[in-house]
Structure formats: C-alpha cells, structure tokens
Amino acid sequence: TGILHVGHVLGDSVQDFFIRWKHMLGYNTLFVPGTDHAGIATQKVVENDLAARGIMRRELSRAEFLEHAWAWKEKHHEQIVKQLKNLGCSLDWTREAFTLDAARSHAVREVFVRLYEKSLIYRGNYMVNWCPACGTAISDEEVKYNERDSQLYWIRYPLRGGGSLVVATTRPETMLGDTAVAVSPDDADKKDLVGRTALLPLIGRELPVIADDAVDPEFGSGFVKITPAHDPNDFEMGERHNLPHVVVIDREGNMTEAAGSAFSGLDRFACRKKVLEALDEEGVLVKTEPYRHAVGEHDRCQTVIEPLLSREWFVKMQPLAEPAIQVVERGEIDFYPPRWRNVYLSWMHNIRDWCISRRLWWGHRIPVWYCADGHLTVAIDDPTECAACGSGDITQDEDVLDTWFSSWLWTFSPLGWPRKTRELEVFHPTDVLVTGSEIIFFWVARMIMASLEFMKEVPFRHVFLTGIVRDGQGRKMSKSLGNSPDPLDIIDKYGTDAFRFTLVMLSPPGRDVFFVEEKLEMGRNFVNKIWQASRMIASAYGRYGGELLGGKAPGAGSFAALWNERYKKPLAFEPELQWEDRWVLSALDGAARDVDENLRGWRLNDAASRVYEFFWSEFCDWYLELAKIRLYGEGDKRSVIAVLLFTLGESLKMLHPFVPYVTEELWAALPMTDDLLLENRYPVDIAGAADPGADERMELFRGLVTAARNIRALYRINPSTRIELRVKTPEGSRKALEEMAAGIKQLARADRFDYGPEVSKEKGTASSPVGGFEVIVPLSGVADIKAELERLRAEKRKVEHDLSTMEKKLSNKDFVRKAKEDVVNRARDRREALHTELSKIEESLNIIESQS
RNA sequence: GGGCGAAUAGCUCAGUUGGGAGAGCGCCUGCCUUACACGCAGGAGGUCACAGGUUCAAGCCCUGUUUCGCCCACCA
C-alpha cells in the first residue's frame, strides 16, 4: 500500500470533497492522481525490499537498481493496478514511464533547457545540506531542525608567539578542517588579537585570527573556529575572508585523509569521540558543558545533515518570484485562511536559490552531457555529440532532479504541455488547490512560479489550506514515531464515509486535527443513521408508495424535477401537505441555504455540522416520528411518502460530498432515480419552500411536547404508559392545536388529549408553561405534591431571574434608545412571554398550596 | 531573535458582521417504543486564561500579562 499514500488523508478527503461539490455545481474538474512522489515512495519500497534481502542501494549501479525496481513492479503489478482501480484510476505502466526515462521527462527537460537558456539555471559550488544516508544533497526545505541535548566543548588553541585562546563548538570533529578563528569586531577585549596566528591542536595548521560581524561576542567564549568546508556560516565567512577549504568529511559521512592519519576513514561520530580523547590527552579540552540546540535532520530519513561543499545545479529564484508575488498582491490568487497569504509573501520576498540536483537513482535525470574537454551540452533529446566540439564521447550528468522540479509543473505538464492540447485549454487554470500549509513553499509557491513562467497565467485562483492530522498528543504523524494508523485499517473498522465525514466535521479551517480513533464513532453513528432512516422510508414506499408516480415505473425521470413547481404539479395525485410537511420542507430549505453559505465561505466543518443537525435533529427526530402517525395509521399515505422521499433525496444530495459512497448507494435504491447522485446539481435552496408559519408552529409543537416529556421523565412515568394530557391555550388559539393534536398525542405518548382555553388545572396535576400555552398532566396516583412544589418553585426562580434581567435591560434608557430596533423588540417579546409564564406558575402554586 | 496561532463544559473542540453560552464524547435517570441500543427520551455540568479599556451591550473589538503550540532566522 505504500505506493499509494502520497498525500495525507485529510488533504485527499477535502480535495475529493471539492471535486464532488464543484461537480454538482456544474464545474469541470479534472483529477489526475499520482505524482512523481509515487516514484519516491516506490524507491523507498524497492530499497526496503532490497534491504530485506541484504542488498544496499549504494552497492548497485543505477542500471542495476532500476532492474530491481522493475522486477519489484512486475511482482506487485496486479496488486497496484487493483488498488488504483479502487481509487478510480487506471494504470498503463510502460517500462519507460516507470523508470521516468522518456515520456514524462519531456516536459521536465523542456523546462530545464528553457531556464538554462535564460541563465536561470546554473551550476556552482555551494554549501549544501548533505544526507550521508541517502547519499544526496537536499534542499533547505527538506531539513527539519530538532532540539537535541548535546555538549558544548571548549577547546584551547595556542597562539604563535605565546598565549592562547579558547573556542567553543558543538562539533569538535570539524576542527580538523578549521582554517581560521574569528572574533567580533565589536569585542573590545579580543579584537587586538586580530592579525595574530593561532595553531590548530592535533594538526598544527596555522590559523589567522579574523574579525567578522557574524560573530556574537556574548556566545560561548567569543572566539569561533571557522570551518568553511563544513558549516554554512563558516562558508560565508570563508568567502568574505578568502579562506581555504579543507574538506575533512566525505559524502558517506566518513573522515577524509585531510583529517590526518589518526582519523581518516572514521565515521564522523566515532571521530568526534576520538578527537575529544586526543584533545583531552593534550590537555587543551578546557571544559564540556551540556547544551541544547537545534540539529538539522533529513525529514525523510532522520539522518543528521552534514553541510558539505558540493558542486550542484541551482535555479535562480528571484526573477521567477517577482511575478508570483504580484499575482498574489493583486488578489488574482487568494489564500484561505487568509493569514497564509502573508506567510507566502514574506517567504517569496526573501527567496533563495533552489538546489535541484539529487544523487538518487530514481528521478528525472539532469539533461546535461559532458565531453572529455568539459564542454556542456544541454538538450531535450539525448544528444549524440558535444554541442561545442562535436566529440562523440559524451556522458550524461549522473544526478537526477529534485522531485519538486517535476512537481512544480503539476498544473500543466500532465495536461500535455508543451503541446497545445484541448485539456490544457479546458482545465488550465483550475479553481482550487487543496493542500496542507506545510508545503506552501515546497509546492504551492513553485507551482505559481512555474505556471506564470511557462503558461503565462496563474495555475489556480484559490489556495485552500487544510490543517495537518496529528495524533492524540498533538504530534505530527510520522513513521519513526509509529503513530500513524493505517487508513485502510481505520476504514475497515469504521467505513470510508465515516472516516471522511468525521475528518471534515472536525477540521476547522486551517487548523490541525488531533486524531483520536474514538472520534470516528461520531461519523460511523451518523452514517448508520442515514442508512437506517433510508431503510425506514424505503420500506414505507415498498408497502404503500406504488401509486405515487401514477403507475409510472420506478426510475422514470427524476423525482426532484417532478416535485418542483411547488412540489406537486406532475405527481399523479394532489398531495395534501400537512403542517409538518410544510415545516420539514421549510427546514430543508433553511439547511440547504446555510450549507451553501458555509461552503462558499470555505467553512467545511460548519457545513458538515449543519447538514448533520438537519438530518438527525430535525428530519429524523421530529419529522420521521410525526410521519409514523400517517404511515402506520389509516388513510392516504401517498402525501407523506412523497414528502419523505423528496426530503431524503435532497438530503442525500446535500450529504453527498461528505458521505459519497453510502449516499450514492442509497440514491440508486430510491424509486425515482435512474442516474448517479453525483450527476445531480447540489441543492442551494428549495425554491418556494420557506414557510415561517410552519416554522413557528413547529417551535410551539416542540415546546409543548418537550414540556410534557419533561414531566413524564421527572415522575418516572414508564415510556410505555400512556398519560392524559391537557394543553391550555390562549383565547382564540384553540385552532392552532387542532392540526397538532395527533402529533402531540403520539410524541408525548398520551391516550387522552384535551385542549382549549377552558381546560382545567387542579390539584394533583403537574403543569408547565410554554409561552402563552400551558401543558397540564394529571398525575393520579403518581403525584407527589412536595416534588411538584419543588419543581414549580425551581422553575419560578429561573423565570424570575430571566425576567429581572430583561426588566433591567429594558429600563435602561440608553439600551432602548441606542440598540437596534429588532433587538429591543425581541427583548420586549421575551419579557411578555416570561410574564405570562410566571403568572401561570404562580397560579399552579396557588392551586397546590390552597388545597393542601 | 522575529512572525503567527491558541486558551470556552470532565475530555476534544465549534461559536462568520458585538445583542438569548453550543456540539460530539463522557457522566446521571428512564427506556430493546414495529428505521436505528452505532439507538430514544429527559437531565446535571461553564467567573468563555488573567487584568484593564471601548460600548447601552463584549466569548467576540482595543491594550497589557500568563501559559501552550507552530513557522521563519547563520548564534558556533
């Protein structure tokens, strides 16, 4: 599976989310999976395979390594093809493509040549970050600095002509390559030593004492040993002072002959020990103190980086960065969350040249050939002779290019560039780039630069940055920590959709997600809820819904289309919408609008929460429960089934980008569908469904039912026991309850239900005000007068408290004068309602107290 | 050293223009009610890090402090 895990799970989920969502909105999207990173992963896999057989890569030639890689691929071909197929990709690997020799190399070579001809690619001696384990130079971005406990060693260097000075270093083995000692020019105590000569212990080399601004007089001893060949700062100082380079560590991390016969051939860390022993013997090791500092490590293999002097290929970045800064400053590309814009800009303003050569076997080889006389031939197609002298004796540069050198062409090279293809015309530039903030520099910035340089346009308009998935303790997932679960295991356990839904819902924009497996239960439970609700609706349709579409065979046209124009025109019957039908359609409309608004504002987590809330807390908890009355009762069931199917269908559309597989499956099972859910438009509203009257009715209904349930729970009335229920209504509001009566009976589990302005409230009843209404439950036998008194008093205290807060607010003249009108009105309404509730509670208390 | 982010229920976190403190999990009570125990109903639980300020009104805006985290940077 290693070959497929090229992106991180969250990013890939979100990317796929956008693709589905945009597609449903009618956008064209092209998804080209797999990158050259798969090649890097493959190299790792092949290396591991070889290592298991006791073969080290370094022992092989490039050709031999590629032979092994091809053999490995042949062996695993079927498995890889199958896995890619599961991801919806096909694979046709030729040997050339697999080894990156020809086809894909073309665009990369073209780019290399063009930049070379513009003098934007050059070769130079520079201090590079060398990974001795991988045997290659790596870029600054691939070096991760980690705090490590270490030692600071103080070493005495004698001065010619008497006296001595003491340097402090964390890397004593590099002293063998020292060519100077430096002090700060501002260091009054030491600057008079400038111009004198120190003698390098163990070696005896003469070292000039120089002054340089880079030296901090406060740090260590104030004297710095200078090793231009093995330290980036020292290298720069060496350039400034024309110091010689003495290379004492080679590319395998072993000491060279220049390190002296006592040390040559030793591993760098073994040498450190030996140097210290030798210094101690000579009595020049003054002291050793514990010191914590950042050590650079290769982020792929965790090997400590060795800064080395090396001849490498570089890209000159500043000319490319200029236009890439401008497009972001002009807003042609925006970042979300916006703060990353500044991160991008400040990096681009301080951009440094990019070291692109790598000594790996796997990768696009550098298209440069050398002849015996040292002439360079830079060409797209393999040359047969030297461009300068015509010699046929030419050899290609052994190095390959940094993976990112092909990746930065990602928005256009897979579309056929440099040919002018239809794909390029249609799909470039694209809309959204989804990625993690950790590769803004690696990839995002470089894609922008490459696209502007070679396509003369931006590659994408929006950069959406997801957080990073971390483990429960906030640590980055990494192989060495072993804290990354295998997504396939998780998917087996919880399901793909549950995994995705949970990640999306728990990822606030641009913030990291702490991954704890238990969190996935939320998504699993929700997906199960969708499934179960659909099951109930499907079975209702199966039993009673046959006549719904007027005898048309299921699958004859989209139900949504039929249901439009206020939902009824083309149906085979005239649906009689009850108040709860109008409410759920109105709620669906509200949810669709909110979800749309959240998505357009890039708040995926809010969109997910909203659709979760609608489906579970509104549709399932209230509408489905109410629907059961008609579904399982007598009478015409067609209207309720029509509304159920419609609401479910629209919900599935809304859910689809979050829960793609299960919703697609359920959609196929709906009677009115014969297409893919993915092919439908994403609902942004349900035109004409908003119904404030129905919403208000539902609010009252919910209040009344909840009040009744509350009383039931308080008196421990078994759910299977039916109760008697009364609702006292304000004058003239009896009619409002007429429609709700059946629903209230059902959801409050009552067998007798009286309502109206005149219903009685006597001793032995529990009561609870709901705005201008009042729920009354006779409690024959169950009534506990003391408990009821206590409950009413508690309720009274709460209402009184709220009321006094509201009174205080409204008696504040400034509030009434300055606050927005609707805020004041709302406060007044609230005060009215609280007043009414309070008087009802007092009335109840009076009844109990007067009769006891 | 510079820049950025975070601090809200026991835990993990939402809270978009300032106006009734929210979710999931966990906990307590009662339920296997003909879609779902991966469930249903009800409930407890918060000085919104601290100190000031602006405002009729602050979790939200401003200033400062504390504690965590991330990124960048050539302190050997």
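Residue numbers begin at 1 in each chain, while the letters A, B, ... track the order of the sequences.
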Which is true for Asp802(A) with a 4.0 Å heavy-atom rule: it touches a base, it touches only sugar-phosphate, or it touches nothing?
nothing

Please classify the nucleic acid contact of Phe526(A) as base, sugar-phosphate, or nothing, using heavy-atom distances under 4.0 Å.
nothing

Would you say Asn710(A) reaches rG43(B)'s phosphate, i.e. side-chain N/O to OP1/OP2 under 4.0 Å?
yes

Within the pair Asn525(A) and rG39(B), is there a side-chain N or O less than 4.0 Å away from OP1 or OP2?
yes

Rounded interatomic separation in angstrom, taking CD from Glu807(A) and P from rA57(B)
19 Å

Among rC72(B), rA35(B), rC4(B), which nucleotide has an atom closest to any side-chain atom of Arg339(A)?
rC4(B)

Between rC50(B) and rG59(B), how far apart are the two P atoms, rounded to whole Å?
11 Å

Among rG24(B), rC56(B), rG30(B), the nucleotide that comes nearest once only the side chain of Asp814(A) is considered
rC56(B)

Measuring only the P atom in each nucleotide, how far is rA23(B) from rA44(B)? A whole number of Å is fine.
12 Å

With sugar-phosphate meaning primed atoms plus P, OP1 and OP2, does Arg610(A) contact a base, only sugar-phosphate, or nothing at under 4.0 Å between heavy atoms?
nothing

Taking atom P of rU34(B) as reference, at what distance in whole Å does atom OH of Tyr632(A) sit?
9 Å

Can you measure Lys820(A) atom NZ to rG19(B) atom P for me and round it to whole angstrom units?
7 Å

Verdict with reasoning, Ser539(A) to Arg543(A), per side-chain hydrogen bond (donor to acceptor under 3.5 Å, both in side chains):
CA-CA 6 Å; Ser539(A) 88; Arg543(A) 268 176 291 163; 3.2 Å; yes

Is it true that atom CD of Glu821(A) has more than 12 heavy atoms of other residues, nucleotides or ligands lying nearer than 6.0 Å?
no

Under 4.0 Å: is that the gap between some side-chain N or O of Trp616(A) and OP1 or OP2 of rC40(B)?
yes

Out of rG24(B), rU16(B), rA35(B), minimum distance to the side chain of Asn598(A) belongs to rU16(B)

Would Arg600(A) and Glu597(A) pass as an ion pair if we require N to O under 4.0 Å?
no

Lys798(A) side-chain N/O to rG20(B) phosphate OP1/OP2 under 4.0 Å:
no

d(CE, Met522(A); P, rC25(B)) in whole Å
9 Å

Thr227(A): which of Val246(A), Asn233(A), Asp178(A) passes side chain to side chain contact (heavy atoms under 4.5 Å, CB included):
Asp178(A)

Closer than 4.0 Å, any side-chain N/O of Lys628(A) to the OP1 or OP2 of rA35(B)?
yes

Are Arg535(A) and rU34(B) close enough that a side-chain N or O sits under 4.0 Å from OP1 or OP2?
no

Against the side chain of Asn605(A), the closest entry in rA76(B), rC56(B), rA14(B) is rA14(B)

Output the pairing pattern of RNA chain B as a dot-bracket string, 5' first, Watson-Crick or G-U wobble with both distances under 3.5 Å, | for cross-strand pairs, [ ] for crossing pairs.
(((((((..((((.....[..)))).(((((.......))))).....(((((..]....))))))))))))....

With the side chain of Arg709(A) defined as its heavy atoms from C-beta on, choose the nearest nucleotide among rG30(B), rG39(B), rG42(B).
rG42(B)

Using the P atom as the point on both nucleotides, what is the distance between rC28(B) and rG15(B), in whole Å?
30 Å

Classify the nucleic acid contact of Phe223(A) as base, sugar-phosphate or nothing, counting any heavy atom under 4.0 Å across all strands shown.
nothing

Using a heavy-atom cut-off of 4.0 Å across all strands, would you classify Lys225(A) as base, sugar-phosphate, or nothing?
nothing

Closer to the 5' end of RNA chain B via nearest nucleotide, is it Ala713(A) or Ser609(A)?
Ser609(A)

All heavy atoms of Asp497(A) vs all of Val659(A), minimum pair found to be OD2-CG1, 3.5 Å

Spacing between Ile226(A) atom CD1 and rA76(B) atom P, to the nearest angstrom:
13 Å

In whole Å, what separates the P atom of rU16(B) from that of rG20(B)?
14 Å

Looking at Arg171(A) and Glu306(A), does any basic side-chain N land under 4.0 Å from a carboxylate oxygen?
yes

Quick test of your reading of the model: are Arg826(A) and Asp829(A) salt-bridged, counting only N-O distances below 4.0 Å?
no

Please measure how far the P atom in rC60(B) lies from the corresponding atom in rU17(B), and state the result in whole Å.
12 Å

Rounding to an integer number of Å, can you tell me how far Ile723(A) CD1 sits from rG30(B) C1'?
15 Å

Presence of donor-acceptor pair under 3.5 Å, side chain of Glu625(A) and base of rA41(B)
no

Looking across every strand, which nucleic acid part, if any, lies under 4.0 Å from Ser539(A) by heavy atom: base, sugar-phosphate, or nothing?
nothing

So what does Arg817(A) hit on the nucleic acid, given a heavy-atom distance under 4.0 Å: a base, only sugar-phosphate, or nothing?
nothing

Taking atom CD of Glu517(A) as the centre, report whether more than 12 heavy atoms of other residues, nucleotides or ligands fall under 6.0 Å from it.
yes

Distance in angstrom units between Asp178(A) CG and rA76(B) P, rounded
16 Å

Select one nucleotide: of rG19(B), rA35(B), rC74(B), the one nearest the side-chain heavy atoms of Phe815(A).
rG19(B)

Does CD in Glu613(A) sit with more than 12 non-hydrogen atoms of other residues, nucleotides or ligands closer than 6.0 Å?
yes

Distance check, P atoms only: rG64(B) and rC48(B), in whole angstrom units.
22 Å

Among rA76(B), rA35(B), rC38(B), the one nearest any side-chain atom of Asn528(A) is rC38(B)

Considering only NZ, NE, NH1 and NH2 on the basic side and carboxylate oxygens on the acidic side, decide whether Asp606(A) and Arg610(A) come within less than 4.0 Å.
no

Gap between atoms NZ and P, on Lys818(A) and rU54(B) respectively (whole Å)
13 Å

Taking the nucleotide of RNA chain B with the closest heavy atom to each, which residue, Asp606(A) or Arg830(A), is nearer the 5' end?
Asp606(A)

Distance below 4.0 Å between Tyr344(A) side-chain N/O and rC4(B) OP1 or OP2
no

Here's a test for you: under salt bridge (charged side-chain N to carboxylate O under 4.0 Å, His left out), which of Arg791(A), Lys798(A), Arg793(A) qualifies with Glu795(A)?
Arg791(A)

In terms of side-chain heavy atoms of Ala819(A), which of rG19(B), rC74(B), rA35(B) is nearest?
rG19(B)

Sticking with atom C1', work out how far rU33(B) lies from rA57(B), rounded to a whole angstrom.
47 Å

Rounding to the closest angstrom, what is the interatomic distance between rC71(B) and rU29(B) at atom P?
46 Å

